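A, B, ... follow the sequence lines: proteins, then strands. Residue 1 opens every chain. Quick caveat, the model's predicted, so the values are computed rather than measured. Basis for what follows: all heavy atoms, side chains included, without hydrogens, waters or symmetry-related copies.
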Protein chains: 2
Amino acid sequence: MKDLVSRCPIEEVMQIMSGRWPTLLIYYLKQGTKRFSDLRRDNPTISHKMLTLELRKLEDAGIVERTEFEGYPLRVEYDLTSAGLKLVPLLDALGNWWETVEAGPAHASTSPVKLSQK
Amino acid sequence: MKDLVSRCPIEEVMQIMSGRWPTLLIYYLKQGTKRFSDLRRDNPTISHKMLTLELRKLEDAGIVERTEFEGYPLRVEYDLTSAGLKLVPLLDALGNWWETVEAGPAHASTSPVKLSQK
DNA sequence: TCGTGGTTACAAAAAGGTGCGTAATTTACT
DNA sequence: AGTAAATTACGCACCTTTTTGTAACCACGA
């Protein structure tokens, strides 16, 4: 029973993008149209339950579009929506930022206890 | 036993920023130096255990700086690092993006089943 | 005794994995 | 010809794992 609408848009985004899968799925969908089984192959450690749940969430968020084709061994295609495409560079920016942090100055893991005095 | 180092920086960022608290804490720390109890007041629904865990995580990530002052009723101050400050506009960009998605065209919740045929 | 900023142990809740069932048709085997 | 098996994208139930909450405890000095 989480409040679906929070006061802050950033919280709402994080509610959707949190966890290991959303960014990964977006990464693979960025490569083009994917089917359910393609996405499972792309990321073999996700379970089908998780994949359906995460895809549904991204669909509800308007990031992913689901297209179901009538038929026999039922076919479903997943794509990024235009909104989803616009999200990609923002995630890339986060990744780039993180690389500068990692490389950044004095990631002092030497002193387990930090003490300062003013 | 999660691999702490993934291949992709975006995954690594998400590992840190996932969940409700990191963005919220950054939001409040953006306002300036905060003490532990300030942050609890800012966000009364976080438990003190979660607050310590999340602060520790952000500190380890180099986003937050913890300054401990010797003394009596022990005082600790938390600030965003320069890296943390640089993160803020990126999160804002995500928030802005999300607002355009919400407001965006045809969030069709009318048709529960979508069918297409090519 | 209270307030500060914690830690630890235990309990509850949430997230996630596994395996089975389903549809409707093609292909494979006998 | 008749039967069986495979395919695809799930839903559902059950169970395990992970995360989070709760409460108690710690030190120190006012």
Residue pairs, two or more places apart or on separate chains, that pass salt bridge (charged side-chain N to carboxylate O under 4.0 Å, His left out) and touch residues 21-37 of chain A:
Lys34(A)-Asp42(A)
Could you give the angle between the helix axes at the two ends of the helix from dT1(C)-dA30(D) to dT30(C)-dA1(D), with five pairs per end, rounded to 10 degrees?
30°
Residues Thr45(A) and Asn43(A): side-chain donor-acceptor under 3.5 angstrom:
yes
Under the side chain to side chain donor-acceptor pair (under 3.5 Å) test, which residues partner Asp92(B), sequence neighbours left out?
none
For the pair made of CZ in Arg41(B) and C1' in dG3(C), what is the distance, rounded to whole Å?
11 Å
Taking N or O atoms only and anything under 3.5 Å, show me the protein contacts with nucleotides 10-15 of chain D, one pair per line.
from	atom 1	to	atom 2	distance (Å)
dC10(D)	OP1	Arg56(A)	NH2	3.3
dC10(D)	OP1	Arg66(A)	NH1	2.3
dC10(D)	OP2	Arg66(A)	NH1	3.3
dC10(D)	OP2	Tyr78(A)	OH	2.1
dG11(D)	O6	His48(A)	NE2	2.9

Starting from P on dA9(D), measure out to NZ on Lys34(A) and report it in whole angstrom.
13 Å
Could you measure the distance from the CD atom of Glu65(A) to the OG1 atom of Thr33(A)? Nearest 0.5 Å is fine.
9.0 Å
So, is Ser37(A) near the phosphate of dA9(D), with a side-chain N or O under 4.0 Å from OP1 or OP2?
yes
Between Pro73(B) and Pro73(A), which is nearer to the 5' end of DNA chain C once each is assigned its nearest nucleotide?
Pro73(B)
To the nearest angstrom, how far is Glu59(B) atom CD from dG5(C) atom C1'?
13 Å
Take atom CG of Leu74(B) and atom C1' of dC25(D), then tell me their distance rounded to the nearest Å.
16 Å
To the nearest 0.5 Å, how far apart are CD1 in Ile16(A) and CG in Asp60(A)?
9.0 Å
Within a radius of less than 6.0 Å around OH of Tyr27(A), do more than 12 heavy atoms belonging to other residues, nucleotides or ligands occur?
no
Between the CG atom in Leu87(B) and the CH2 atom in Trp98(A), the distance rounded to the nearest 0.5 Å is 10.0 Å
Under the side-chain contact (heavy atoms from CB on, under 4.5 Å) rule, collect the residues that match up with Phe36(A), sequence neighbours excluded.
Arg40(A), His48(A), Leu51(A), Thr52(A), Leu55(A), Tyr78(A)
For Arg40(A) and dT18(C), give me the distance from atom CZ to atom P, rounded to whole Å.
9 Å
By the salt bridge (charged side-chain N to carboxylate O under 4.0 Å, His left out) test, which pairs, at least two apart or in different chains, include something from residues 48-58 of chain A?
Glu54(A)-Lys57(A), Arg56(A)-Glu59(A)
Could you tell me the separation between the CH2 atom of Trp21(B) and the P atom of dA14(C), rounded to a whole number of Å?
14 Å
OP1 or OP2 of dG5(C) under 4.0 Å from side-chain N/O of Arg35(B):
yes
Interatomic distance, Ile46(B) CD1 vs dT20(D) P [rounded to whole Å]
10 Å
I need the CZ-C1' distance between Arg20(B) and dA14(C), as an integer number of Å.
13 Å
Starting the side chain at C-beta, find the nucleotide from dG5(C), dT8(D), dT20(D) nearest to Met50(B).
dT20(D)
Is the phosphate of dT18(C) approached by Ser47(A) (side-chain N or O, under 4.0 Å from OP1 or OP2)?
no
